[in-house]
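Everything below concerns the one structure shown next.
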Amino acid sequence: MLGAQLLVAENAFFYVIAAVMAYGAIRVVTTNNIVHAALYLVVVLAGGAAQYLLLGQEFVAWVQVIVYIGAVIVLFLFGIMLTRAPMKAEEKLTNDLRGAALIPTGLLAAILATLCLDAFSDKTVDLVSPIRTKAVTSAIFRGYLVPFEVVGVLLLGALIGAVVLARRD
Amino acid sequence: MNALFAADPLFNGDGLWGSIFVVVLLKVVIAFVVLLVSVMLYIWGMRKWIADMQNRTGPANAGPFGILQTLADGIKLFFKEQSIPSSADKPIFRLAPYLSILPAFLMFCVIPVGGKINVLGHETYLQVVDLPIGAMFILGCSGIAVYGVMLAGWSSGSKYPLLGSVRASAQMLSYEAAFGLGILSVLMRAGTMSTREIVNQQSWTNTDGILQNLSNFYVVPAALGFVIFIIAAIAETNHPPFDFVEAEQELVGGFVTEYSGIRFAIFFLAEFMNIITMSAVAVTLFLGGPNGPMFMPARFGQSGWVNGTVVPILWFVGKVLLLTFGTVWLRASVPRLRYDQLMAFGWKWLIELAVLWVLVTAGILVLGDRGWNPAAAGVLSFGIAGAAYGLLYLCMPKSGETVEEFR
C-alpha cells in the first residue's frame, strides 16, 4: 500500500518534507539559542508552504511565505534583537517540565489529528488542476465576505490594543 | 504538478524528464551566469559613470576601459583570508551571505526576458519559470531578503553590525508595505499575477502611434504607483540615498563589519544583483518588459529570429539599463537621508500615498466597469480620497505640538 503510494512523486515528496518539518519542530523546542529556535521555525513554516504547493494551493503557499516567513518570524527576530540580542545559549530556557508538557502536547496532537482525519480523510486532491488564486479570492469576497471583514476588524482591534498597552502616556 | 508552472509551452507534454529537464537546467544556469556577468558589468559601469560625473577617470587599468576591474576585485577577494570573530555564531555567520543572495536570484527567475524560443526541439519562454502567481513570488522573495542582513549583523557577535542590521531590517520592513502596494496598483489593472501575462497586456502594436503604444505601458495609467514602487524598491535594496546599512561614519561598516574575503564579496554581489533584479521587476510591471517597436518589420517579418527573439531581448536589456543608470545617477547626486527622515517619510508619506493610490485605482476601475468616463471617475475618486485624507490630517497632532514624539 505504502510502496505503491510512494511511486507517486507528490507522495514521496510529502514524506520527505514532513520528516524535515518534524525535525525542525523538535529542534524549535530543544535548542537553547532563541534565534536558532526562530530559524528552525522558519524551516517548519517553509515546509508547510511546500506542502501547500504539493496540494496545488499556490496562493495559500505564497501567503504562508509572505506572512509567516517574511513578516511574523522577521518580527520575532526583530523583537529579540531590539530587546537583548542574546548570542549565547541560555540555560534557563530549558527546565524540568518536559513530562508535564507531554500531556497538553499529546492532547493537542490527538485533537488535531482526529479533526483532520474526520474532516478530510475522504477528500482527494486534484493534482492536474491546482486551485487558482481567482477561485480563492472569489470564495473570500463573495461567499465569505462577512467573516473576512470581521477578521479584519479583529486584527484592527488587536493593533489598537497593542498601541494602548505599549504607550501608557 | 505541471500546472503549477503554468503557461510555459515547455510543460505541455508529460513529465519533467529527458530533454525537458535539460532545457530547464540550461535556463537556470544561463540566467544565473547572465545575472552574475551583468552584476560585474554594472559595478564597472557604475564606477565609470560616477567617475565621469565627478570628473575622474575611474577604473582604467584592468582590460580595455578597466572593464575587468570587478573580475580582478573578485579574484582578490576570493583568495583573501576569511576571518570569523570568536564571539560569532559560526553556522549562521557562514549562512547569512547566501541568504542574502538567494532572493535576488530567485526574483529574477519569474522575469520574462523575451518571447518564445526553440531549444532541443522544445518551444519555451525566455524566462526561467512562468509562475501563474509570479507577482506574489516577487513579494515573497523581497520578504525573505531581510534575513541575510539581519542574521549577518546578529551572528557577527559585536555591537556595530548588530546596530546596523537592526536599523536595516527596520528600514526594509517599513518600506515593504509601500513596495507591495505599488505592485498592487498594477495587479489591480492587470487582473492577473503572472508576469508573462502582465507583460503581454502592455503590448506594442506597430500600426498604432508611439504615444498610444506608450500609454499601454502601466507606467502611464499607474504613474503614481510607479513612483511609489521605485522609491520603495530603492529603500528595499538599501541603495543610496537609503543606504543606512553601511553608514560608515555612524556604524563602521554596518552589518558587514566583521565579514572579509569571499563572504564580504557575496554580500556586495547580492546588493548589486538586487538593484538589477528590482530594475527588471520595474521594467516587467511598469515598462512593458520586452515589448517595444520592431526593427524593420517589413524586411525581417513580425516573428522571425530578428523581431521574435533578438529585438525583444534588446528592448528588455535597454530598459533595464535605463533604470540602472538612474540608480547610479541617484548614487552620485543624492546625499544620504537622516534615519528619522527615512522612517518619517516611509510611514507618514509613502504608505499613505500608496494606500490612497490603491483606493483611487479601485474607484477608477469600478466606475469604469459601470461605464463612467475615466477622467470623471479619476477626479471623483481623487476628490473623495483627498477629502478623507484632509479629515484624517485635521485629527492628527501637528508637528509643532509634539516635537519629542517625532524622533
Side-chain angles (χ1 to χ4, degrees), chain A residues 8-11 13 31 33-36 38-39 42 45-46 49-50 52-89 125-137 167 169, chain B residues 1-6 15-17 85 87-89 91-93 95-96 99 103 106 131-147 149-151 153-159 161-163 165-170 172-173 176-177 180 187 191-194 402 404-405:
Chain A
V8 182
E10 279 86 355
N11 287 339
F13 276 116
T31 181
N33 190 320
I34 197 159
V35 174
H36 288 186
L39 291 179
V42 170
L45 293 169
Y52 284 131
L53 271 186
L54 283 184
L55 294 173
Q57 295 280 1
E58 47 179 17
F59 182 74
V60 184
W62 284 108
V63 166
Q64 168 105 347
V65 170
I66 292 174
V67 173
Y68 282 97
I69 301 178
V72 173
I73 300 292
V74 169
L75 284 179
F76 273 9
L77 287 172
F78 197 62
I80 292 167
M81 286 177 198
L82 267 186
T83 47
R84 286 178 306 149
M87 281 298 298
K88 297 277 180 296
V125 178
D126 186 4
L127 291 171
V128 182
S129 56
I131 313 290
R132 290 282 175 234
T133 312
K134 210 164 240 173
V136 177
T137 47
R167 299 189 46 158
D169 47 353
Chain B
M1 199 63 198
N2 290 353
L4 284 180
F5 305 118
L16 280 169
W17 308 111
S87 60
D89 191 308
I92 295 182
F93 189 82
L95 182 71
L99 281 182
L106 282 181
L131 292 176
I133 200 150
M136 271 187 85
F137 183 81
I138 291 170
L139 273 177
C141 286
S142 90
I144 56 176
V146 189
Y147 280 91
V149 172
M150 192 176 238
L151 293 176
W154 175 77
S155 66
S156 295
S158 67
K159 286 289 173 226
L162 183 67
L163 284 175
S165 75
V166 166
R167 227 157 84 147
S169 32
M172 287 159 101
L173 285 179
E176 187 108 343
L187 298 187
T192 174
M193 289 204 268
S194 151
T402 50
E404 75 280 357
E405 290 177 8

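Chain A is the first sequence line, chain B the second, and so forth, proteins listed ahead of strands; every chain is numbered from 1.
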Closest heavy-atom contact between B:P132 and A:E58? CG-OE1, 3.2 Å
Return yes when atom OH of A:Y68 has more than 12 non-hydrogen atoms of other residues, nucleotides or ligands closer than 6.0 Å, and no otherwise. no
Looking at CE of A:M81 and CG of B:L151, how far apart are the two atoms once the value is rounded to the nearest 0.5 Å? 5.5 Å
Non-neighbouring partners of A:Y52 that pass side-chain contact (heavy atoms from CB on, under 4.5 Å), sequence neighbours left out: A:Q57, A:V60, A:A61, A:Q64
Between B:V166 and A:F78 the two heavy atoms that sit nearest each other are O-CE1, 3.3 Å
I need the A:I73 CD1 to B:I144 CD1 distance, nearest 0.5 Å. 13.0 Å
Using a cut-off of under 4.5 Å on heavy-atom pairs, state which of A:V35, A:V65, A:V67 scores highest against chain B. A:V35
Using heavy-atom distances under 4.5 Å, tell me whether B:M193 contacts chain A through its side chain, its backbone, both, or neither. side chain
A:I66 versus B:M136, closest heavy-atom pair with distance: CD1-O, 3.6 Å
Please flag which part of B:L139 lies under 4.5 Å from any non-hydrogen atom of chain A: side chain, backbone, both or neither. both
Any chance CZ of A:F76 has more than 12 other-residue heavy atoms, nucleotides or ligands included, within less than 6.0 Å? no
With a 3.5 Å distance limit and no angle check, can you tell me whether B:Y147 reaches the backbone of A:L39 through a side-chain donor-acceptor pair? no
Within a strict 4.5 Å, meaning less than it, do heavy atoms of the B:D89 and A:H36 side chains meet? yes
What part of B:A145 lies closer than 4.5 angstrom to a heavy atom of chain A: side chain, backbone, both or neither? neither
Counterpart residues, ring-ring contact (aromatic ring centres under 6.0 Å, His included), relative to A:F59 (two or more places apart): none
Using a 4.5 Å cut-off on heavy atoms from C-beta on, say whether the side chain of A:L77 contacts that of B:V146. no
For A:V63, is it the side chain, the backbone, both, or neither that has a heavy atom closer than 4.5 Å to a heavy atom of chain B? both
